[in-house]
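Here's the structure, in structure tokens; my notes come after.
Note that the coordinates shown come from a computational prediction; the quantities given were computed from them, not determined experimentally. So you know, we letter chains A, B, ... as the sequences are listed, proteins then strands, and number each from 1.
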Protein chains: 2
Amino acid sequence: MRVLLIEDDSLLGSAVRDQITADGHCVDWAKRLAEAEAFRDVAHYDLILLDLMLPDGRGLEFLRSRRAAGDQTPVMILTARDQVSDRIAGLNAGADDYLVKPFDLAELSARLGAVVRRYAGNPNPVLVLGGLTIDTAARSVLKAGRRITLTAREWVLFETLMLRPTMLHSKAQLEERLYSFEAEVESNTIEVYIGRLRKKLGHEMIETVRGIGYRLRQSESSEA
Amino acid sequence: MRVLLIEDDSLLGSAVRDQITADGHCVDWAKRLAEAEAFRDVAHYDLILLDLMLPDGRGLEFLRSRRAAGDQTPVMILTARDQVSDRIAGLNAGADDYLVKPFDLAELSARLGAVVRRYAGNPNPVLVLGGLTIDTAARSVLKAGRRITLTAREWVLFETLMLRPTMLHSKAQLEERLYSFEAEVESNTIEVYIGRLRKKLGHEMIETVRGIGYRLRQSESSEA
DNA sequence: ACCAAACTGACATGTGCCTGAACAGAAACG
DNA sequence: CGTTTCTGTTCAGGCACATGTCAGTTTGGT
């Protein structure tokens, strides 16, 4: 799952980011609304965490305008304990949930879990990427009509690449994502899994940048 | 039972969703009519909960057009206390029942139960899925002419898989559905039930994705 | 041409899943 | 009220497959 965190406080923000990452999700952290808009333009998010007390302009307006534009992305508001009016206004503006600061990180995880579950219940957002149809709910990929099922590790790896299609992912980053921070597996696991993904999805899907890392090949020939 | 909830208010909507879920049903929540139409196009519902005060267009028209199209799905209207005329118009337009806001969640459960009972008395919507004929009212399955009766747990599990045929259901999700949210039991109950379902319905019906979960096998062989 | 980095096929291992059986509780029956 | 039957749950043994490791080969940069 991919989360957009809009929070100007560095301490809180990094704590939240770390927690969400630890839960196995993918976070983009915007400290200002302008930044958030930029993120939103280039990526799809499954959840937005929105702090209403932001330096540049009102977060509420951001929310309202998104909703007015027909954007249904679930939004969870972060608000201080005494800002009851904010909370109500937020829900009225189209927020799905709110968290009262200071909140427990465990609580955050729990709410995230709820969103994941709710999200999983909806009709599947289906992504199309370079000839592949990605069914996130089914955790499978359709390639020329054939359904390809990925194993757990393969999926995590593919999802990581897929969620940031343009980005170059170093082997260290990918390793970190597969083996949450402990297991310093000193082997070529990533290379092996990249190979397995290529075998299943097509060799042209993943590009190697020697000495740096991997990335999804940009929807090359889909137009050609 | 599968319910379509059409309600734009987040607070009320989530409360209703949670209640229905706790009652052991399956909810899709649309916040707008357009969304509701989309849901309706891809799934069959046993009950529609319709709020008449929606942002985009009149809920009444939605109801009338459904009825005009021959759709017999029971519709329960959610209406504010003072909108008596709406209530009457709703019933005239083909609604089966109504709930006056603010309503008690227990009341909601009771009405749902009533619908379930009424529904059970009606000629059953019969689903056909990969060689099986599914009789939702009788909680039984016809396989090659033979009637197979499922027990309560087996049925809940099978129904869950069946209602979202393409989706991968993790063991945690299935457990949550069988034992509404408490039981942190570390046991292999789900595995056992999956096994029993397979024995009854055919081993090929349910697919295991190791480390992730289960899903109904897409009737690919029906083409072969 | 040389070296480093990446690819690939093969294999050992552990773990996640399956299954049969046994047990406990509840319901059905006399 | 006791017995039987059915449903739900637990457990242990076994198996298969995903996983991680490595050796040998290929690729690409300089």
Donor-acceptor pair, Gln173(A) side chain versus Ser170(A) backbone, under 3.5 Å?
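Side chain of Gln173(A) to backbone of Ser170(A): a pair is present.
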
| request: Output yes when a side-chain donor or acceptor of Arg177(A) lies under 3.5 Å from a complementary backbone atom of Val156(A), and no otherwise. | output: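 Side chain of Arg177(A) to backbone of Val156(A), a donor-acceptor pair under 3.5 Å: no, none is there.
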
Check whether any side-chain N or O of [X] sits under 4.0 Å from OP1 or OP2 of [N], and answer yes or no.
X	N	value
Lys171(A)	dA5(C)	no
Thr208(B)	dC18(C)	yes
Arg198(A)	dC7(C)	yes
Thr189(A)	dT19(D)	no
Thr151(B)	dT7(D)	no
Tyr193(A)	dG20(D)	yes
Lys199(B)	dC18(C)	no
Tyr179(A)	dT19(D)	no

message: Between Asp28(A) and Arg164(A), does any side-chain N to carboxylate O distance fall below 4.0 Å?
response: yes

Examine the base of dT15(C) for any acceptor or donor lying under 3.5 Å from a partner atom in the side chain of Arg153(A), and report the outcome as yes or no.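 Side chain to base: no pair present.
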
Quiz item: Arg210(B) side-chain donor-acceptor pair to dG16(C) base, under 3.5 Å: yes

Q) Could you state the CD1-C1' distance from Ile190(B) to dT19(C), rounded to the nearest angstrom? A)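 Interatomic distance, CD1 of Ile190(B) to C1' of dT19(C): 16 Å.
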
Note: for Asn188(B) and Ala152(B) on DNA chain D, the residue whose nearest nucleotide lies more 5' is Ala152(B)

Quiz item: Do Arg198(B) and Thr208(B) meet the criterion of a side-chain donor-acceptor pair at a distance under 3.5 Å?
Solution: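 Indeed, the side chains of Arg198(B) and Thr208(B) share at least one donor-acceptor pair under 3.5 Å.
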
